[in-house]
Amino acid sequence: MTAERTVPWRAVGLFAVLALGGAWLASLPLHLGGGLQNPHFFVVGAVVMTTPTLAALMTVFGVLRPANPREVLGLVGPLSWRRTALRALAAAGGGIVLAAAAMLVAGAAGLVDLRVNPDASSSLLAIPLTTVVIGVTAVGEEIGWRGFLFHALRPLGPVRANLLNGALWGLWHAPLLLLGYNYGTTSPVSIPLMVLSTVLIGTLLAWVRESTGTVWAGALAHGAMNASTSLLLAAFLVPAQQGSEATVLAWPGWVVLALAIAVVHRRRGTPLDGPVLVDASARRDTHPQDAPAG
């Protein structure tokens with residue numbers, strides 16, 4: 001079997017253990033005391049967001065040891081910075097549209113009461129800057145999930161690769177979900193709900209990664225979705241309501257995401273070629289000088 005058709009499962013397994021285990025380890029202070037009310041929650045949360053990148057770095061440099069690590073991690077690609085920037089802006093706009101559409105569907109379904117709050121204009125004006133800020137922190141996730149893991153799983157084909165990638169990404173959220181983050185409940189039922197959400201969101205972000213060759217546009221789209229969700233809810237959700245029903249993490253959002261996936265599937269162009277991932281030990285095993293003579 002050729003390298004192009006082989007998933008480096010040892011590297012994928014190590015990455016999964018390091019990323020998920022790292023998230024639990026980093027969030028341990030919250031579980032030991034205070035939970036979401038811990039005064040260091042935002043610092044801990046920022047550290048948790050770096051664990052996929054740390055796992056990817058340890059996997060790439062410790063197991064794969066490729067000649068092109070920046071390409072493997074999705075830091076550089078075939079497009080110019082100008083074209084990458086334009087696609088990143090388009091992806092950010094898409095993230096905002098998805099967040100707004102999910103909120104509107106939830107309002108139309110009667111799940112939440114949407115009204116214009118007095119500070120609506122300030123919240124809306126804050127979206128661009130907040131998108132950039134959250135996009136920077138989202139890089140910590142994207143280098144892992146859409147950087148390393150995206151290309152590692154490509155031999156599985158888009159459907160199976162996105163299912164596995166999205167499932168792992170959803171499980172990675174478990175330490176904070178079980179504290180009541182995102183869904184407002186500590187019930188384990190939040191985990192499969194998040195997995196479904198991340199499979200859908202991850203499918204779209206994988207397309208952004210595929211169409212740009214790097215993680216930067218996806219990070220900005222990720223940041224735009226997160227930023228616009230919170231700020232749009234602040235602008236239009238009646239105070240004191242639980243807002244998770246009006247986000248991409250609940251069924252109105254799933255409907256919007258599924259429609260977006262259908263549109264992208266019809267319009268997606270030819271994927272940009274990426275580096276082939278080969279386990280360093282496999283390269284040693286097949287090196288010409290190690291082959292038997294004759």
Side-chain angles (χ1 to χ4, degrees), residues 16 19-52 55 95 98-100 102-103 105-107 109-114 117 123 126 130-131 133-135 137-138 140-142 144-145 166-202 205 222-257:
L20 273 63
W24 277 103
L25 183 62
S27 62
L28 191 58
L30 304 180
H31 287 269
L32 292 177
L36 302 184
Q37 284 69 50
N38 187 301
H40 305 296
F41 170 76
F42 289 105
V43 174
V44 173
V47 174
V48 170
M49 291 184 72
T50 67
T51 55
L98 290 173
M103 185 181 71
V105 171
L111 298 179
V112 292
D113 187 5
L114 301 177
N117 292 331
S123 295
T130 309
T131 290
V133 173
I134 298 181
T137 61
E141 292 187 54
E142 293 303 312
W145 306 115
L168 289 173
W169 187 26
L171 292 174
W172 172 82
H173 288 82
L176 296 183
L177 291 174
L178 295 176
L179 292 173
Y181 195 61
N182 290 120
Y183 287 99
T185 176
T186 57
S187 170
V189 73
S190 61
I191 297 176
L193 297 180
M194 178 59 80
V195 167
L196 178 55
S197 301
T198 51
V199 167
L200 294 171
I201 297 170
L205 291 179
H222 189 159
M225 197 179 304
N226 287 358
S228 56
T229 292
S230 59
L231 292 172
L232 286 171
L233 291 180
F236 298 108
L237 189 70
V238 172
Q241 287 190 96
Q242 168 60 32
S244 62
E245 297 92 344
T247 72
V248 293
L249 302 181
W251 75 257
W254 301 339
V255 172
V256 170
L257 292 169

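Values below: every heavy atom of this structure, side chains too, minus hydrogens, waters and symmetry copies. Model, not experiment: these values are computed from the prediction.
Here CG of Leu30 is found 6.5 Å from CG of Leu176. Values are rounded to the nearest 0.5 Å. Rounded to the nearest 0.5 Å, atoms CD (Glu142) and NE2 (His222) are 6.0 Å apart. The structure places CG of Leu178 at 9.5 Å from OG1 of Thr185, a figure rounded to the nearest 0.5 Å. Note that the CD1 atom of Ile201 and the CG atom of Leu196 stand 9.5 Å from one another [nearest 0.5 Å].
Partners of Leu36 by side chain to side chain contact (heavy atoms under 4.5 Å, CB included), not counting sequence neighbours, listed by chain and number: Phe41, Leu179, Tyr181. Residues passing the side chain to side chain contact (heavy atoms under 4.5 Å, CB included) test with Thr137 are Met49, Ile134, sequence neighbours excluded. Every residue meeting the side chain to side chain contact (heavy atoms under 4.5 Å, CB included) condition with Leu168, not counting sequence neighbours, appears here in chain and number order: Ala16, Trp145, Leu149, Leu164.
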(request) For the pair Trp172 and Thr51, evaluate side chain to side chain donor-acceptor pair (under 3.5 Å) and give the outcome as yes or no after the intermediate values. (result) CA-CA 10 Å; Trp172 172 82; Thr51 55; 2.9 Å; yes
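The heavy-atom pair separating Gly223 from Ala138 by the smallest distance is N-CB, 4.4 Å. Contact record, Ala19 with Pro52: CB-CA, 4.3 Å, taken as the closest heavy-atom pair. When all heavy atoms are compared, the tightest approach of Leu193 to Val189 is CG-O, 3.3 Å. Of all the heavy atoms in Tyr183 and Met194, the pair that sits closest is OH-N, 3.6 Å. The minimum heavy-atom distance linking Ala26 with Val48 is given by the pair CB-CG2, 3.7 Å. Considering every non-hydrogen atom in both Ala106 and Glu245, the closest pair reads CB-O, 3.4 Å.
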Could you list the donor-acceptor pairs under 3.5 angstrom formed by side chains in residues 246-254, with sequence neighbours left out?
| residue | atom | partner | partner atom | Å |
| --- | --- | --- | --- | --- |
| Thr247 | OG1 | Ser244 | O | 2.9 |
| Thr247 | OG1 | Leu249 | N | 3.1 |
| Trp254 | NE1 | Ser197 | OG | 2.8 |

Tell me which donor-acceptor pairs under 3.5 Å the side chains of residues 224-238 have, and how far apart each pair is, sequence neighbours excluded?
| residue | atom | partner | partner atom | Å |
| --- | --- | --- | --- | --- |
| Ser228 | OG | Ala224 | O | 2.5 |
| Ser228 | OG | Met225 | O | 3.4 |
| Thr229 | OG1 | Met225 | O | 2.6 |
| Ser230 | OG | Asn226 | O | 3.4 |
| Ser230 | OG | Ala227 | O | 3.0 |

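Sorted by first and then second residue, the side-chain hydrogen bond (donor to acceptor under 3.5 Å, both in side chains) pairs with a member in residues 32-50 form an empty list; sequence neighbours excluded.
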